[in-house]
Amino acid sequence: MTSKHPLFGFLPRNVSATQVQGVMEGDENPFTRLPHSPQYHKILESRKKLPVFTQMDEFYKMVAPGIKAIIPQFVVYSDMPQTKKKIVACTQPRRVAAMSVAKRVADEMDVSLGKQVGYSIRFEDMTEPGTTFLKYMTDGMLLREAMHDPDLERYSTIILDEAHERTLATDILMGLLKTLVKRRKDLKIIVMSATLDALKFQKYFTINEPAPLFKVPGRTHPVEIFYTQDPEPDYVEAAIRTVLMIHRAEDPGDILLFLTGEEEIEDACRKIKIEADDLVAQDRESVGPLTCIPLYSSLPPQQQQRIFDPAPPPRTPDGPPGRKVIVSTNIAETSLTIDGIVYVVDPGFSKQKLYNPRIRVESLLVSPISKASAQQRAGRAGRTRPGKCFRLYTEKDFMKELEEQTHPEILRSNLANTVLELVKAGVKDLVRFDYVDAPAPETLMRALELLNYLAALDDEGNLTAMGSMMSEFPLDPQMSKVLIASPEFYCSQEVLTIVAMLSVTIGLTMSPHAVPNIWLRPNNQRKEADTAKQLLTVPDGDHLTLLNVFNEYQNNLQDRNWAWNNYISARSLAQADNVRSQLLRIMERLEIDLVTKSYTDQARHYLNIRRALVCGYFMQVAHKEGEKGAYLTVKDNQVVSLHPSCGLDTQPEWVLFNEFVLTTRPYIRTVTEIRVEWLLELTANYYDLQSFPDGETKRALQRVLKKQTGKNPKAVALVTSDDKRPKKKVKAS
DNA sequence: GAGCACTGC
């Protein structure tokens, strides 16, 4: 560095606020060595008004030893990553946030996005190796990197933002980083979180001494909280009543009402509209127009945009002002911020994911929210000016009944994927791993059991070559197993498609991806939609139907209306195509054969695909019980029915299913017919009848075995689960 | 003859 360099005299991690402010005010950009633009100074002036700017000195004094808490740009001046070929990472739970914060910070630092400041999310890497020293990324993305480089060598500081949201990825990262800082003394970890959780994290990151804590005041307006006198028996009805009360009696300002799901929201919107029209009809002089806008994630983006429309204007120039009501799921609690909200109506419920390790099922349940969540909801009323929050429960219930925090995701999820990631990142003892909150031992056992049956882990819990390959795929372990097995059944191209389609189609339970189903069914064209679906259905199984839909879509790319004419979501198909390319690249990297058989014998080809599916989904098999359409799941003996969306034209004896959903009844969804012999041939370990629990399924399997006289199933195994069979081009990286 | 809180790789 020459004496002319703006950062001349800066000692790494030993700078003062005066020094930094001097450079910030200066004419030359220390990162690009170009003159600061006029816009830069304008932005800087407004940044200096933020309360945290007055605390810069306090911040830098704290950043010397230990693990700390705060703000990426300050860190960059102190770390000087650009001089050490190390970079600063800042994680976000969501992609949009990673992108938009990176953009803002690039503007503030007067550099172009993707150069000194960039972001990295799935499907998009906006960084320039060697140039980027401040990188925003999703927490899941950093977790992927940790799987390949457990020391995270390229980073000098890692900032975990929004840690209070406790996503699975953030929780796992905190565990890995706590161990890592003991090895890498030069690595700094900064955890940013809402105040309520700060002490918990501080305690967790106490290694020799407590991690320093740094408090930054927020910048919101006061929100007045109101409670009901008595509990409300019907929260939807109470919510509608409250919205109308606000509209009639409160000053102008938009309303945000939190409900739990699509159906409830659409229903409430209809009722609010009817009652608002009634109010107006009764009193045109004092009640203004009201528009009600639904908001949930499966709405097409265009309709989501409606929440930013202005409130309706008064009917006459001097008439009563109009008002906008947004009726939303939790999406408006964290993911989307809507300015201009002055009133929040909070009935105190949301749908929350739960995992039952006993029957291995994830389900959604309407549950009371936590205090932290209630606070977050109230805060939505004070973003632009002082607001009011109407809680539809009593103050006593708030104090006594609500939990402090929402249970972190790690306590409510199936951990099969997470366990594989942890093992790949080098964690040896999963039960004694230092979790912020440790999951139930039974949940860990279920995950280990599945991974062992899939031959991803050996009996001692060590990662196998198979497991190592499986961990490379951003998929559930069952799916990656099928992909890796597919070349032996001459169908990797087809399985790639099915897996890509599944990862954008599946709804909840086994693996929750909030993408609308590929099948569209507009309310007024249900019959037409069902007919269109029937034409694309393959009767052997829903998996093959998905393959067929994707292939037909590819064959008809020249027809821009094909998806629309067939009542299929073009958005989901485009997304499947994107996922498919990513998986294909991983297959190529791992040198897994990309094979396909010609379609001259389609029946045989379909048979092979179904056999490949068995290699990953042998634990998700059901057997028909009686003539009433009831099925029993293998091993767990749960009574289930085929989901009405299922395209099978008969009720086969044995089926394999993608997911088990617990809604009005227990259903299995995305179902394919299989032959019981395949279970005995392909997965002899699991279907070893000696260790199989007694029950109807075992008796059925025994009958089959008896018929196959003299045939030892293990002797004909094609894919065993002990991972000892010779494999072509397996790389055990 | 059903239904889908929200993210992420």
Side-chain angles (χ1 to χ4, degrees), chain A residues 91-98 120-125 137-148 162 165-173 258-266 295-299 328-336 349-354 362-367 369 373 406 408-409 412-413 417-418 420-421 424 470-477 479-480 503-509 511-521 523 526 530 569 572 578-579 582-583 585-586 629 641-647 659 661-669:
Chain A
T91 69
Q92 300 290 329
R94 284 168 291 278
R95 290 189 213 167
V96 220
S120 176
I121 58 178
R122 187 183 186 183
F123 305 126
E124 197 183 358
D125 183 9
M137 63 205 302
T138 45
D139 47 13
M141 205 69 186
L142 185 63
L143 186 53
R144 286 260 133 196
E145 285 188 19
M147 283 166 44
H148 290 107
E162 312 280 7
E165 288 193 27
R166 304 292 305 276
T167 65
L168 248 174
T170 303
D171 260 34
I172 296 301
L173 281 169
F258 285 100
L259 289 178
T260 65
E262 171 174 349
E263 199 182 333
E264 202 176 83
I265 287 170
E266 293 291 354
L295 177 65
Y296 42 87
S297 76
S298 59
L299 274 180
S328 171
T329 60
N330 256 7
I331 192 171
E333 195 180 297
T334 47
S335 309
L336 270 171
F349 292 95
S350 72
K351 278 195 188 162
Q352 285 167 34
K353 186 174 67 179
L354 278 181
E362 282 181 358
S363 53
L364 283 175
L365 196 68
V366 173
S367 331
I369 60 170
S373 190
T406 310
E409 208 183 347
R412 300 183 282 119
S413 310
N417 240 328
T418 307
L420 187 59
E421 284 163 356
K424 173 78 177 179
M470 282 167 58
S471 73
E472 296 291 318
F473 293 96
L475 297 170
D476 284 342
M479 286 200 220
S480 19
S503 68
V504 301
T505 323
I506 49 190
L508 57 158
T509 63
S511 178
H513 297 256
V515 176
N517 198 290
I518 56 156
W519 308 101
L520 300 177
R521 208 171 178 230
N523 275 339
R526 291 194 168 181
D530 289 348
S569 156
S572 297
N578 206 3
V579 171
Q582 190 195 22
L583 300 175
R585 285 194 301 274
I586 300 172
S641 318
L642 299 182
H643 193 271
S645 67
C646 172
E659 49 180 352
V661 291
L662 204 58
T663 51
T664 47
R665 283 159 59 187
Y667 285 109
I668 49 176
R669 194 157 56 184

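Predicted model only: the values in this text are computed from it and were never measured.
The side chain of A:Tyr296 contributes no N or O atom lying less than 4.0 Å from OP1 or OP2 of B:dA5. Distances shorter than 4.0 Å separate some side-chain N or O of A:Thr138 from OP1 or OP2 on B:dC9. The side chain of A:Arg665 places an N or O atom within less than 4.0 Å of a non-bridging phosphate oxygen (OP1 or OP2) of B:dA2. Note on A:Thr329: a side-chain N or O is less than 4.0 Å away from OP1 or OP2 of B:dC6.
Per the geometry, CD1 belonging to A:Ile331 stands 17 Å off P belonging to B:dC4, to the nearest Å. When the C1' atom of B:dC9 is taken as reference, atom CZ of A:Arg94 falls 16 Å away, rounded to whole Å. Taking atom CE of residue A:Met141 and atom P of nucleotide B:dG8, one finds them 12 Å apart after rounding to whole Å. In this structure, A:Leu299 places its CG atom 11 Å from P of B:dA5, rounding to the nearest Å. Here B:dC4 presents its P atom at 17 Å from CG of A:Asn330, a figure rounded to the nearest Å. Across the protein-nucleic acid pair, A:Leu365 atom CG and B:dA5 atom P stand 12 Å apart, rounded to whole Å. The nearest whole Å value for the distance from the CH2 atom in A:Trp519 to the P atom in B:dA2 is 20 Å. Here the C1' atom of nucleotide B:dG1 and the CZ atom of A:Arg669 are 14 Å apart, to the nearest Å.
Put simply, the side chain of A:Arg412 gets close to the backbone of A:Lys353: a donor and an acceptor are under 3.5 Å apart. Remark: side-chain polar atoms of A:Arg144 are paired, donor with acceptor, to backbone N or O of A:Glu472 under 3.5 angstrom. Side chain of A:Glu409 to main chain of A:Leu168: a donor-acceptor pair is present (N/O by atom type, distance under 3.5 Å, no hydrogens or angles).
In this structure, A:Arg412 and A:Pro474 both approach DNA chain B, and ranking their closest nucleotides by distance from the 5' end singles out A:Arg412. Each of A:Arg95 and A:Lys351 was assigned the nucleotide of DNA chain B with the nearest heavy atom; the assignment lying further toward the 5' end belongs to A:Lys351.
Here A:Glu262 lies in heavy-atom contact (under 4.0 Å) with a base. Within the nucleic acid shown, A:Ser350 has no heavy atom closer than 4.0 Å to any nucleic acid atom. Contact annotation for A:Arg122: base contact, defined as any heavy-atom pair under 4.0 Å involving a base atom. Within the 4.0 angstrom heavy-atom criterion, only backbone atoms of the sugar-phosphate kind lie near A:Ile121; the bases stay farther away. At the heavy-atom level, A:Arg166 lies nowhere under 4.0 Å from the strands shown. Within 4.0 Å of A:Phe473, counting heavy atoms only, lies no atom of the nucleic acid at all. Residue-level contact check: A:Thr167 touches neither bases nor backbone, having no heavy atom under 4.0 Å from any strand.
Side-chain contact between A:Asn417 and A:Pro477 is present, with heavy atoms from C-beta onward closer than 4.5 Å. The shortest distance between side-chain heavy atoms of A:Cys646 and A:Ile668 does not fall below 4.5 Å.
Candidate nucleotides B:dG1, B:dG3, B:dA5 were compared by shortest atom distance to the side chain of A:Asp530, and B:dG1 ranks first.
With sequence neighbours left out, A:Arg94 forms a side chain to side chain donor-acceptor pair (under 3.5 Å) with A:Glu165.
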